[in-house]
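Note that the structure is predicted; figures quoted are calculated from it, not measured. All chains are named by letter (A, B, ...) in the order of the sequence lines, taking the proteins before the strands, and each is independently numbered beginning at 1.
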2 protein chains.
Amino acid sequence: MNLKQQEIADRLGISRGTLHRVLVGSPLVNKKTRERVEEELKSLNYIPNRAARSLKVGRSMTLGILGPARIRMSNSLKLDGVYHTAEERGYSVIISYSDGSRESDERGIKHLLSHMVDGIIVMGRGLCQPSDHFKAYQDAGKPIVSIYPIHDVECDCVFLDTAAAFERMTRYFIEFGHKRIGLAVFMPRTSRFVLTREQGYVRALEKAGIPFDPGYLIYASPSIMGGEEVPYIESLEAADMDYAAGFWATREIMRRRPRPTALVCASDDTAIGALRAANLAGLRVPEDLALIGYDNSTISRYTSPPLTTVEQPNYRMGQRAVEILLDRIEGRNTSEKCINEKIPFRLVVRESCGAYLQSSGDVPESTAPKKKRARAKAKSKG
Amino acid sequence: MNLKQQEIADRLGISRGTLHRVLVGSPLVNKKTRERVEEELKSLNYIPNRAARSLKVGRSMTLGILGPARIRMSNSLKLDGVYHTAEERGYSVIISYSDGSRESDERGIKHLLSHMVDGIIVMGRGLCQPSDHFKAYQDAGKPIVSIYPIHDVECDCVFLDTAAAFERMTRYFIEFGHKRIGLAVFMPRTSRFVLTREQGYVRALEKAGIPFDPGYLIYASPSIMGGEEVPYIESLEAADMDYAAGFWATREIMRRRPRPTALVCASDDTAIGALRAANLAGLRVPEDLALIGYDNSTISRYTSPPLTTVEQPNYRMGQRAVEILLDRIEGRNTSEKCINEKIPFRLVVRESCGAYLQSSGDVPESTAPKKKRARAKAKSKG
DNA sequence: GTGAAAGCGCTAACAG
DNA sequence: CTGTTAGCGCTTTCAC
């Protein structure tokens, strides 16, 4: 059973004060006593009570995450970054889910605060939107960093410029000579998730002087797809969404005349759904339909053909989020100004768009630098 | 800023005792007082301090997870099950990673205990092995449930009989008429991960009277694969392991003479790696090489051909783990006897093994019951 | 119905 | 160098 400091002190015939001093490594302890204490401590397997400690010092050494459902792999990876980095720095992590609604966010933050977290990382799309609810908690008294940009509010954040990424992806097709380019996105059209993608896509088209054809922009959604006779789609909930959307969007877009020759996909998983639809339709990728994904998920190297995609350094983003947060918590950053850390992405060229075409700093996979885990420093490319 | 009970009581001119009574919904409070208090509470946005509460009552309403790195999607899904269920029941969750080594497990459990968790869920392979370290913590005084079976120790657990699953998978090939069947597994041969798979595979062979050919059993490992010239394998760490192993194993096994006609894969991701290797080698699946996966991951429906696989009800397992744990924590289960809950799996027949062949309760996808999210009650099949 | 008081395990300030 | 003490915010017992 687990002893408390008092009991240990008693056993050793010393005071709690002295015990505490050796516990925190204070030099103000007799060498002999210290050794005796340390020995006993080891054999007793003392486990400090953090609740008591937190209560006393007013800090818990734990970080809170206001998180989304973790189904999407990219979120999982971000979380890994957060967890490992926090652990390295001696912090625990506790998650509270939120669906992004105001009530849910409020409940979540309250929950975290009640745990006395020292800071909060916001990972959902939640606070990224109109986010009046954010204001309410801004002065929860705890530092917050968002893993997506919060535009209408002052807040530290680390983000990837998704619009720029999708502009780049679209431009890649354009440089290849494609004129009829589709975009497959899904779910609420007003979510930042699709807004940014659409924006980048349109921007690339505009810059190239290619007229925007709304027929090439496919918004898949459970309700729409449910109405269609779509094989493979039996449950249209989160886990399936990306694949299903890609699958459905591809079927849909191939009905357009003239037919698009390239499809920008919201994610690698979306591209995989698209790939399947193309296969079933007897379309060759990239010859009949070129595909580009987003995420550089591990699997994108193993599809046939392997996916050209944009790398999103998820692990790194999680890592940076806690670093920025800890700078605030531990007082290394006292500036009023918010940190807005843009994480660079890079285009990873494989085969789903046709033969390698290298341009402005993009790396075909063969020459890509060896990656060191997910922590890989991404080659800058903005 | 966040008020404490004392301050609120003062504002209202009542005692902490009374405040507390309305907070916990005790009937021993004057109606008027109660209303007044509740109103004030709402407007003040009171956030209770759980550290103080935990300290006082000796319970924290939080569950600890001794977890593996979360990279594998199936773990992510299990965690989802744990989180959502815990949240529904009013518990928070905190994770501590462990690589499965004794030191790491000890550190992790200690960490959780120091958070005063009310119970622990063990998710890694860690404690599933020789697990002398488990003994050390068995009487940490907290209930523990393992999400894999711990054979040599008394402990509640929920598990899927992996050996039975792999026996079933192998038998499926046998029923199809295959005689030369390979098994692609990886990493430490002594891990329960491969032991169970190998065992099931061999058992099916034995029962069918097919001689076991060690040459058909491929153990991929980073070191082995690193020596080979294996494209796609640039980082052989966890994230890539499944794919890379499947890729490498397929190349390897196709060198065997006579060539196997079917390959049992350690996971769906392994099967996907295998599929890619087969594609590159110009082998048709399933005609030249039949493939079966394990997990029924979402993507297995979107590969070409879609994967026949075994469904592992991850979400459900996480869910059951917390239910069993809470029964213990909340005193509904005081039995000395350990719970050993075997979660049923089912074979999901798609196309990677050839035309549909239905047998003993297996469900071809077309007739599979509509799945309700990951929570789906799996059709019994054991 | 209500208030007062003790104490959960720990830290930190102060006295020796 | 060491021991004593006063709380951190909350729950709970007991007395009114």
Could you go through residues 19-33 of chain A and list every donor-acceptor pair under 3.5 Å that involves a side-chain atom there, pairing it with any protein atom two or more places apart or in another chain?
unit_1 : atom_1 : unit_2 : atom_2 : d
A:S26  : OG     : A:L28  : N      : 3.1
A:N30  : OD1    : A:K32  : N      : 2.7

>> Could you tell me if the side chain of B:S96 sits less than 4.5 Å from the side chain of A:E87, heavy atoms only?
In response: yes

>> Please report the interatomic distance CZ(B:R328) to SG(B:C338), rounded to the nearest 0.5 Å.
In response: 6.5 Å

> Pairs in or reaching into residues 36-49 of chain A: which pass salt bridge (charged side-chain N to carboxylate O under 4.0 Å, His left out), with residues at least two apart or in two chains?
Replying inline: A:R11-A:E40, A:R34-A:E38

> Have B:S74 and B:N314 got a donor and an acceptor in their side chains that come within less than 3.5 Å?
Replying inline: no

> Mind checking which nucleotides bracket the chain B contacts on DNA chain D, 5' to 3', with an atom under 4.0 Å from a heavy atom?
Replying inline: D:dG9 to D:dT12

> Taking B:P143 as the fixed residue, which of B:I329, B:N333, B:I120 is the one that meets the side-chain contact (heavy atoms from CB on, under 4.5 Å) rule?
Replying inline: B:I329

>> To the closest 0.5 Å, what do you measure between OH (A:Y315) and CG (A:L77)?
In response: 9.5 Å

>> Distance under 4.0 Å to a non-hydrogen atom of chain B counts as contact; along DNA chain C, which nucleotides mark the start and end?
In response: C:dG1 to C:dG9

> Among residues 14-31 of chain B, which residues get a heavy atom nearer than 4.0 Å to DNA chain D?
Replying inline: B:R16, B:H20

> Is any side-chain heavy atom of B:C157 closer than 4.5 Å to a side-chain heavy atom of B:I147?
Replying inline: no

> Across the strands shown, which category fits A:S54 at heavy-atom distances under 4.0 angstrom: base, sugar-phosphate, nothing?
Replying inline: nothing

I'd like a table of donor-acceptor pairs (distance under 3.5 Å, sequence neighbours excluded) in which one partner is a side-chain atom from residues 52-65 of chain B, with atom names and distances.
unit_1 : atom_1 : unit_2 : atom_2 : d
B:S54  : OG     : B:R50  : O      : 2.6
B:R59  : NH2    : B:Y91  : OH     : 3.0
B:S60  : OG     : B:T62  : N      : 3.3
B:S60  : OG     : B:M116 : O      : 2.6

>> Please compare A:V57 and B:A52 by the position of their nearest nucleotide in DNA chain C and report the one closer to 5'.
In response: B:A52

>> As an exercise, state the distance from CG of B:L325 to CD of B:E330, rounded to the nearest 0.5 Å.
In response: 9.5 Å

